[in-house]
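Here's the structure, in structure tokens; my notes come after.
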Amino acid sequence: MTRYSMPLAAGSGTSVLLIIVGLAVVAMLLLLFWRGKQRVRRRPEPPRPGQPRGDSWDTPDTPDAPDREGPPGSSGRP
């Protein structure tokens, strides 16, 4: 038997140990993924920005309505 023809496989005890370690790593990754999803779900939602032109339905007779000059879209210049 030459040096290059030696078997490279591990013994049966070693392969069982590697399978157990591999299953433990997979189980840990699944647990961490599940806990991360739970943390994201409990996180409060960010505040929503105001809608563009949200005040466009104000009527002119309200006291806090801005003064408007001329028809809509005009700059008020002569």
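The structure displayed is predicted, hence computed values, not measured ones.
Under a 4.5 Å side-chain heavy-atom criterion applied to ILVMFWY residues, the cluster that includes Leu30 comprises Val26 as well. Hydrophobic cluster of Phe33: no remaining members, since no ILVMFWY side chain lies below 4.5 Å from it.
Gln38 is linked by a side-chain contact (heavy atoms from CB on, under 4.5 Å) to Trp34, Arg41, Arg42, counting only residues two or more places apart in sequence or in another chain.
The only member of Leu17, Leu23, Val16 that meets side-chain contact (heavy atoms from CB on, under 4.5 Å) when paired with Ile19 is Leu23.
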